[in-house]
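Below is one structure; the comments refer to it alone.
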Amino acid sequence: MSAFVRGGAFPKLAARLEAFFVRHRHKLVFVHAAMFLLFAGLLAVPLITGGTDADSRHIAVAARYLIWGVWFPLVFLSVIATGRSWCGILCPMGAASEWANRAGLRLPIPRWVQWPGTPVVSFILITIWAQTAGARDHALGLAIVFGSTLAAALLLGFFFGRRKRAWCRHMCPIGLLLGVYARIGAVDFRPKQPQPGGDRWTETNACPTMIDLPHKTESRHCIECFRCVSPKAKSGLYLRLRPPGEEVANIRDHHPNLSEVMFVFLGTGASLGGFLWLALDSYQWLRQALGDFVIARGWYWLGEPGPVWLMSNYPAQGEVFRWFDFFLITGYMLAWTLAAAAVFSAATALAAWLSGRAGGDGDWRARFVELGYQFIPVAMVSLLLGLGGALFETLGAAGVSGEAVGAIKVLLLAGGVIWSGAIGFALLARQGVPARRRLLPLLPGIAASLAAAAVWYPAIFAG
Ligand code: SF4
Ligand code: SF4
């Protein structure tokens, strides 16, 4: 008999899901293999058929829509309902990295890989690279960026870790995103016999993402592989369903940390920049002004096209980036990344100070880190609008009117702002701020969320 009480929402459903996945988890290898073939096909087939005839163009467009318009947005939206189920159940890249690990050298995972900022840097680099290499619009660009990411996952798996997924835990840019958003998701794996002391990293158990299982309190690294779950055992983990947002509203019990908060801030800016350089007139003004400056100084090498692995170089499709474009897009996106981080940081700093004045407990830094988590819903919507824009194009192509698509975007943004405000309210409650004094420390966060929503205005009515 298990001594634990499952609790949470829909405990019977959780028990059934748990039993189902435990019974069938040995078959996941076939799912992963099928997904690997599908993934490789989506990247390779448009290149193989890569002519300019109508059929080839249709294949390339279909592959792009499947990746950017279906897979990318749906994976991110699914996190709210099912956590990182994509990672554990479907993702071919993570599975391939683990396969490579089994055949590989199994060296100790280097400290630079384990550095908490590594996936943040990885996300920003890949996001910018996807823009400069034309991964959204060109089959070759897509294959270069995703194929290189897969190669990196395989190489890291081959060299480092012992029967683990070092790539998924430490370097995958998508995994970091899913991990942060899994914190607001409805799925949780909890130890039946939790140990005090908080989350720890370990290579000495069955968890592929190196979670010290009895100490687990946070969801972000759990890829839902079910390897730690044995319904009849007294120890191990169990599946628990919960109201979305529960973990973040009580983040102090679930290993809050500054690197994750900074990722939320920087990642929102990167996704804003990734959309706005295409949508705003300011980019074109800047391009004109800096172009004149470059010509006046005779820096003509900046007008040369660059290598196709780094930047769009597709004369047949009428898109050739010069080094000038490469540096400008990169600089523009980095500027938005830093500007968004500055705005969110300033708002959170002010909120943490006001919380302290209103009776919030802990020191200013601890309050800052906790309150930074209020922006996760707004950040998630930003990512959806910025990097998952093809979803809305897909809706348009499916016959949904432009007004209806705009209304969906407005609703998403409004929902993100309201949910962020609600999480901010709950975080202040956990800090001990009395209800009647919460409005003032809540205002900076609401203002920053509204500012992010306002910047998305061109995205709402684009296309
Ligand atoms: S962390 Fe990345 S590579 Fe690993 S399973 Fe998740 S999405 Fe796939
Ligand atoms: S905690 Fe359990 S379900 Fe989550 S990744 Fe580790 S072994 Fe898999």
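Order of listing sets the numbers, starting from 1, for every ligand and every atom in it. Remember, predicted model here, so these are calculated numbers, not experimental data. Computed from heavy atoms alone, side chains included, the values below leave out hydrogens, waters and symmetry copies.
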[X] heavy atoms, cut-off 4.0 Å: which ligand 1 atoms fall inside?
X    : answer
G94  : 3 (S), 4 (Fe), 5 (S), 8 (Fe)
C87  : 1 (S), 5 (S), 6 (Fe), 7 (S)
R165 : 5 (S)
W167 : 3 (S)

If you have a sec, work out which protein heavy atom is nearest [atom] and how many Å separate them, to one decimal?
atom                    : value
atom 2 (Fe) of ligand 2 : C228 SG, 2.2 Å
atom 6 (Fe) of ligand 2 : C207 SG, 2.4 Å
atom 5 (S) of ligand 2  : I223 N, 3.4 Å
atom 1 (S) of ligand 2  : L213 CD2, 3.6 Å
atom 4 (Fe) of ligand 2 : C222 SG, 2.4 Å

Answer yes when R365 and D363 have at least one side-chain N-carboxylate O distance shorter than 4.0 Å, and no when they do not.
-> no
Salt bridge present between R242 and E247 (N-O < 4.0 angstrom) = yes
Run the contact test for R84 against ligand 1 with a 4.0 Å cut-off on heavy atoms, strictly below, and give the result.
-> yes
Going by the order shown, which atoms of ligand 2 are within less than 4.0 Å of some heavy atom of T209?
-> 5 (S)
State the atoms of ligand 2, each with its element, that fall below the 4.0 Å cut-off from a heavy-atom position in L237.
-> 1 (S)
Of all the atoms in C91, is at least one N, O or S atom closer to atom 4 (Fe) of ligand 1 than 2.8 Å?
-> no
Judged by atom type as modelled, is there a donor-acceptor pair below 3.5 Å linking the side chain of Y314 to the main-chain atoms of G141?
-> yes
Does D253 use its side chain to pair, donor to acceptor, with the backbone of T217 at less than 3.5 Å?
-> no
Whether C225 has an N, O or S atom under 2.8 Å from atom 8 (Fe) of ligand 2 = yes
Under a 4.5 Å cut-off applied to non-hydrogen side-chain atoms, are R64 and R136 in contact?
-> no
Would you say the side chain of R84 lies within less than 4.5 Å of the side chain of S219, judging by non-hydrogen atoms?
-> no
When you look at F160 and H170, which way does the side chain to side chain contact (heavy atoms under 4.5 Å, CB included) test go after all the steps?
-> CA-CA 11 Å; F160 303 119; H170 294 298; over 6 Å; no
Could you pull out the closest heavy-atom pair between A14 and L239, with the gap in Å?
-> O-CD2, 3.6 Å
Under 4.0 Å, heavy atoms only, figure out whether ligand 1 is touched by the backbone of C168, its side chain, both or neither.
-> both
Please work out which of the three classes, parallel, tilted or perpendicular, describes the rings of W323 and F326, given edges at 30° and 60°.
-> perpendicular
More than 12 heavy atoms of other residues, nucleotides or ligands under 6.0 Å from CZ of R16: is that the case?
-> no
